[in-house]
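Keep in mind the model is a prediction, meaning the values are calculated, not measured. Order of the sequence lines sets the chain letters (A, B, ...), proteins ahead of strands, with each chain counted from 1.
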Number of protein chains: 2
Amino acid sequence: MNISRGPGQAPKYQRLAADLRRRIMGGEWQGGTPLPVESELENQYGVARNTVRLAVDVLVNEGLLVRVQGKGTYLKDHPVLDHHAYRAPSDPELGSPGTSLRSAFAAYAEEAAAAGRKLTSDFQMLIVRATTDITDRLRIEPGEAVVLRRMLRYMDGEPWSVEESHYPVGLAASTALMAPDPVVGGDEMALADAGYLETGCVDELCARMPNPEEAQWFQAGPGVPLLVQLRTGYTESGPVRVTETRYSADRNRLIYSLGSLGGLDAPSVRSAEVFSEIGDLGAPAEI
Amino acid sequence: MNISRGPGQAPKYQRLAADLRRRIMGGEWQGGTPLPVESELENQYGVARNTVRLAVDVLVNEGLLVRVQGKGTYLKDHPVLDHHAYRAPSDPELGSPGTSLRSAFAAYAEEAAAAGRKLTSDFQMLIVRATTDITDRLRIEPGEAVVLRRMLRYMDGEPWSVEESHYPVGLAASTALMAPDPVVGGDEMALADAGYLETGCVDELCARMPNPEEAQWFQAGPGVPLLVQLRTGYTESGPVRVTETRYSADRNRLIYSLGSLGGLDAPSVRSAEVFSEIGDLGAPAEI
DNA sequence: GGTGATTTGTGCGTATGTATT
DNA sequence: TAATACATACGCACAAATCAC
């Protein structure tokens with residue numbers, strides 16, 4: 001197939017990308033199978049190598065392909081793991097119906113085990129001056145010191161997610177949260193022991209591309225965004241902690257069970273699915 | 001400043017990108033201010049234009065910069081709008097404490113108005129064969145027909161989010177959901193009128209890069225992921241609808257108020273904040 | 001309204017480096 | 001070691017969009 005650029009047409013590399021996308025979606029290559037090498041694509045389409053690379057760049061940045069130097073270019077496959085970020089108290093799958101928050105790590109590890117995978121973690125405890133992101137939510141003074149408890153999570157040894165919990169130093173002072181080790185039973189148990197029973201939380205969710213440090217840690221190539229959950233935990237008398245968790249979005253999905261599910265099981269849906277296939281939306285309205 | 005490549009160093013374009021990132025983070029240019037033009041950067045750093053473009057590509061794909069043909073390259077600014085995806089019934093800001101779900105559009109429009117912005121929408125109603133994404137969650141047969149009600153939302157005329165609600169045809173048949181118009185009071189009211197009172201839902205959240213159609217509709221350049229919310233609504237007797245909402249992640253944040261917040265206001269936090277600044281994570285563990 | 005200068009976008013060619021097989 | 005395949009880097013030319021005049 002030869003691509004020649006006519007007037008009014010999209011650029012070559014974009015049409016090449018579109019054609020490759022079509023062939024990919026058509027199942028011409030399976031996950032893990034290499035695409036034709038760049039020189040082969042040059043010949044197939046009769047374009048310069050630069051143009052091939054521009055086209056493949058597009059698909060890499062969409063998260064469809066991954067390039068490996070010296071080997072080839074491959075379809076990316078998406079084994080997605082669900083993580084239950086919240087279960088309503090009425091949810092029957094919840095062990096203790098009275099509490100809405102469980103030991104996060106234990107629950108996460110159970111989910112991983114259920115999927116036949118092994119969750120491990122590294123732990124760091126630091127005392128830092130909080131940014132306004134944190135102080136605003138904790139309702140403390142800007143620049144005030146907070147206890148930062150960081151959990152680096154690995155799935156089968158692969159970097160998976162980063163959780164950073166921030167506590168006001170005054171609050172954490174007399175608790176197990178000052179120890180440079182994970183609290184058995186979870187941080188929320190240490191909080192509860194100190195009289196701070198978390199009764200609710202506010203989650204703020206966003207997605208963005210990783211910065212270089214994050215990309216390196218997550219081993220996330222181009223086209224892989226982060227899913228960021230910022231949870232502020234509340235007692236009856238106010239906020240007590242802010243937890244920011246970052247997930248590599250191509251491997252993770254967050255689940256919230258809300259309200260009453262009427263005694264039904266949570267839906268069991270295959271994990272590998274991707275929601276896509278937008279129909280024709282028409283042109284966007286002019287601004 | 002001249003960048004010369006030594007052995008064992010990172011490639012020129014990556015170090016150039018890192019230096020530009022440093023200057024950007026250092027506040028050398030403000031949001032909306034153009035960066036030096038490519039030829040200027042060639043001279044400043046003593047590299048080929050290609051190298052400059054590779055470096056800028058990196059930052060564009062991180063969502064830091066945006067290029068405008070014929071004008072220049074600019075810092076992207078991030079006016080983020082919060083959207084309350086869920087409020088716990090005990091949340092005092094909820095108008096009617098008995099129901100956990102409000103008319104989504106009305107609530108959304110109120111939030112927008114509170115931020116001094118205007119939410120508009122287009123509406124489409126289609127009957128389509130559902131994908132397994134949908135049928136699995138609705139517990140109907142694969143390929144069964146569903147009513148697809150699509151809401152295209154614009155903020156101040158700018159493409160903002162796409163909401164697609166799917167209902168089993170049998171369920172929707174005798175309701176206002178078959179009409180090719182938005183239901184006053186919201187779809188959930190039409191459902192309730194037909195005896196299907198939604199008592200809970202399960203939200204599945206993920207993020208990914210947009211496909212070409214989505215990127216075009218959202219006018220999302222490289223480096224802008226989508227935040228996707230897939231909500232399955234339940235009555236006491238089972239699921240009745242699946243709603244997929246796609247947000248341009250650089251402009252939106254989803255908020256979930258969960259559990260009891262003890263009569264406290266939802267936290268009022270400036271919208272423009274970005275959570276970033278990962279500390280040193282150390283090297284990831286080997287696989 | 002048109003013209004030219006500026007700036008990014010597209011496309012080609014070539015050469016060499018680096019990782020994998 | 002050699003071949004293969006992607007990565008980096010240089011150069012050049014022209015197209016297309018924007019803006020100042």
Side-chain angles (χ1 to χ4, degrees), chain A residues 2-20 29 32-61 64-76 215-216 219 221-223 287, chain B residues 2-20 29 32-61 64-76 212 215-216 219 221-223:
Chain A
N2 191 306
I3 289 191
S4 60
R5 173 154 197 194
Q9 292 201 22
K12 270 188 188 178
Y13 78 97
Q14 288 182 14
R15 283 177 294 140
L16 210 176
D19 195 62
L20 289 175
W29 306 288
T33 314
L35 261 65
V37 300
E38 293 178 349
S39 58
E40 166 74 21
L41 291 176
E42 291 179 47
N43 298 333
Q44 280 188 22
Y45 291 94
V47 298
R49 167 132 188 261
N50 210 322
T51 308
V52 170
R53 285 188 67 79
L54 282 174
V56 175
D57 277 347
V58 171
L59 302 180
V60 167
N61 287 325
L64 275 178
L65 300 179
V66 53
R67 282 200 269 225
V68 184
Q69 183 173 354
K71 292 184 67 176
T73 304
Y74 299 85
L75 254 70
K76 210 194 289 184
Q216 189 192 0
Q219 300 182 343
I287 302 182
Chain B
N2 193 306
I3 290 191
S4 60
R5 174 155 195 191
Q9 291 202 22
K12 270 190 189 177
Y13 79 95
Q14 288 182 16
R15 283 177 293 140
L16 210 177
D19 195 63
L20 289 175
W29 306 288
T33 313
L35 260 66
V37 300
E38 292 176 350
S39 59
E40 167 74 21
L41 291 175
E42 291 180 47
N43 298 334
Q44 281 188 22
Y45 291 94
V47 297
R49 174 155 180 237
N50 210 323
T51 308
V52 170
R53 286 189 65 81
L54 281 175
V56 174
D57 277 346
V58 171
L59 303 181
V60 167
N61 287 326
L64 275 179
L65 299 180
V66 53
R67 283 200 268 226
V68 184
Q69 183 174 354
K71 291 185 68 176
T73 304
Y74 299 84
L75 254 72
K76 210 196 286 184
Q216 189 193 0
Q219 300 181 344

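Atom OH in Tyr13(B) sits roughly 17 Å away from atom P in dG17(C) (whole-Å rounding). In this structure, Leu65(B) atom CG and dT8(C) atom C1' are separated by 13 Å, rounded to whole Å. Atom-to-atom, CG of Leu54(A) to P of dC6(D) comes out at 15 Å; the value is rounded to the nearest Å. With rounding to whole Å, Asn43(A) atom CG is found 14 Å from dT4(D) atom P. Rounded to whole angstrom, the span from the CZ atom of Arg15(B) across to the P atom of dA7(D) amounts to 18 Å.
Contact between the side-chain N/O atoms of Gln69(A) and the OP1/OP2 oxygens of dT4(D) is not found at any separation under 4.0 Å. Taking 4.0 angstrom as the limit, Lys71(A) places none of its side-chain polar atoms (N or O) nearer than this to OP1 or OP2 of dC6(D).
Counting only distance, with no hydrogens or angles, the side chain of Arg67(B) and the backbone of Thr73(B) share no donor-acceptor pair below 3.5 Å.
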Open item on the list: Pair Asp19(A), Tyr45(A) - check side chain to side chain contact (heavy atoms under 4.5 Å, CB included), show working.
Closed with: CA-CA 10 Å; Asp19(A) 195 62; Tyr45(A) 291 94; 2.6 Å; yes
TODO: In sequence, state the C-alpha distance, the side-chain angles, and the governing distance for Val58(A) and Tyr13(A), and then conclude on side chain to side chain contact (heavy atoms under 4.5 Å, CB included).
DONE: CA-CA 9 Å; Val58(A) 171; Tyr13(A) 78 97; 3.9 Å; yes
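Note on Gln14(B): only backbone sugar-phosphate atoms sit closer than 4.0 angstrom, heavy atoms only; bases stay farther off. Using a 4.0 Å heavy-atom cutoff across all strands shown, Ser39(A) reaches no nucleic acid atom at all.
Within 3.5 Å, no donor on the side chain of Arg49(A) pairs with an acceptor on the base of dG11(C), nor the reverse.
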